[in-house]
Amino acid sequence: LAKTTQPISMDSYEGQEVNITCSHNNIATNDYITWYQQFPSQGPRFIIQGYKTKVTNEVASLFIPADRKSSTLSLPRVSLSDTAVYYCLVGDSNYQLIWGAGTKLIIKP
Amino acid sequence: DTEVTQTPKHLVMGMTNKKSLKCEQHMGHRAMYWYKQKAKKPPELMFVYSYEKLSINESVPSRFSPECPNSSLLNLHLHALQPEDSALYLCASSQEGSETQYFGPGTRLLVL
């Protein structure tokens with residue numbers, strides 16, 4: 001099963017773009033990469049998911065290089081409300097997603 | 001309806017009590033999950049139900065007993081818990097075969 005590695009914490013400022021990189025060296029062919037956001041004492045919230053290249057939605061972009069051994073979550077123009085823990089996951093449709101330790105993102109005024 | 005609901009939000013119980021956590025979704029998802037999350041840690045998978053049948057049990061102690069009465073409901077029955085079982089218990093659901101899971105707000109459990 002693939003294992004993910006993320007930075008433990010990151011700081012940024014309001015209005016900046018934040019990029020969080022996750023490494024998953026042992027990702028399998030069938031694995032997708034998924035990112036979740038979690039606020040204290042709440043359930044994780046799905047942000048974005050991708051398999052290769054670039055995916056963009058209304059809240060984030062996900063960049064995946066050709067070898068798929070890493071991925072980068074990009075949050076454009078962050079605000080204070082983006083302060084949360086961000087989890088990178090890899091997994092296939094076999095239910096068992098591998099959760100990283102999470103990156104605590106702190107946004108400062 | 002894209003929501004997973006969980007009740008209660010908070011629960012305090014003694015080690016001899018019996019209680020149940022409840023989870024409900026109306027998205028037509030056929031896979032439902034229980035996770036346990038300790039502070040500053042990622043969620044840990046406990047159980048997976050697929051089409052109302054238990055498909056994965058991650059070696060969870062028998063003091064935790066899951067139940068899936070129908071495709072929309074998932075229960076977790078608790079009995080003789082230990083203080084170290086105190087955690088946030090999360091329910092999630094997904095379409096069968098999908099990697100995207102939708103989580104409920106969780107139940108904060110404290111075992112005294």
Side-chain angles (χ1 to χ4, degrees), chain A residues 1-9 20 22 24 27-52 55 57-60 62 64 68 71 84-106, chain B residues 2-11 21 23-25 27 29-51 53-59 86-110:
Chain A
L1 295 175
K3 180 180 175 182
T4 63
T5 303
Q6 314 173 225
I8 293 173
S9 64
I20 307 174
C22 175
H24 25 80
I27 191 168
T29 304
N30 293 336
D31 285 343
Y32 277 74
I33 300 152
T34 310
W35 286 80
Y36 284 84
Q37 175 194 56
Q38 188 176 27
F39 298 111
S41 295
Q42 293 187 27
R45 182 177 76 102
F46 172 83
I47 300 175
I48 199 166
Q49 183 180 78
Y51 184 80
K52 62 180 179 180
V55 179
N57 63 23
E58 62 276 8
V59 298
L62 179 60
I64 305 169
R68 304 201 327 123
S71 59
V85 177
Y86 292 81
Y87 289 102
C88 167
L89 287 75
V90 295
D92 60 13
S93 59
N94 200 29
Y95 310 115
Q96 290 176 297
L97 302 176
I98 306 299
W99 291 73
T103 297
K104 184 172 183 179
L105 176 64
I106 297 174
Chain B
T2 58
E3 192 177 14
V4 176
T5 59
Q6 290 187 243
T7 55
K9 282 187 179 300
H10 303 276
L11 179 62
L21 308 184
C23 174
E24 190 167 4
Q25 58 88 15
M27 294 179 278
H29 291 169
R30 304 311 297 264
M32 295 185 76
Y33 310 75
W34 279 116
Y35 286 85
K36 172 183 177 180
Q37 187 175 27
K38 302 284 273 185
K40 300 184 192 294
K41 297 289 187 182
E44 298 173 45
L45 183 65
M46 299 174 72
F47 302 104
V48 180
Y49 272 82
S50 174
Y51 289 92
K53 291 191 181 341
L54 183 64
S55 61
I56 294 176
N57 177 341
E58 291 286 0
S59 303
S86 299
L88 182 68
Y89 287 84
L90 295 161
C91 174
S93 70
S94 71
Q95 293 184 10
E96 184 65 22
S98 170
E99 306 79 16
T100 305
Q101 297 181 15
Y102 296 87
F103 284 81
T107 294
R108 174 70 63 188
L109 174 66
L110 177 62

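Labels below follow one simple rule: chain letters A, B, ... track the order of the sequence lines, proteins then strands, and each chain is numbered from 1.
B:Gln6 does not touch chain A: none of its heavy atoms, backbone or side chain, sits under 4.5 Å away. Residue B:Glu44 does not touch chain A at all, counting heavy-atom pairs closer than 4.5 Å.
The shortest side-chain heavy-atom distance between B:Leu90 and A:Gln38 falls under the 4.5 Å cut-off. Looking at heavy atoms from C-beta onward, B:Pro43 lies in side-chain contact with A:Tyr87 at the 4.5 angstrom threshold.
The aromatic rings of A:Trp99 and B:Phe103 sit perpendicular, their planes meeting at an angle over 60°, well past the 30° parallel limit.
For B:Lys41, the NZ atom counts as loosely surrounded, since its 6.0 Å shell holds 12 or fewer non-hydrogen atoms of other residues, nucleotides or ligands.
Judged by distance alone, with hydrogens and angles left aside, the side-chain atoms of A:Tyr36 form a donor-acceptor pair with the main-chain N or O of B:Gln101 at under 3.5 Å.
Of the inter-residue distances, the one linking B:His10 atom NE2 with A:Ser41 atom OG reads 7.5 Å to the nearest 0.5 angstrom. Of the inter-residue distances, the one linking B:Thr100 atom OG1 with A:Ile47 atom CD1 reads 12.5 Å to the nearest 0.5 angstrom.
When each of B:Cys91, B:Ala92, B:Gly106, B:Pro105 is scored by its heavy-atom pairs under 4.5 Å with chain A, the top score falls to B:Pro105.
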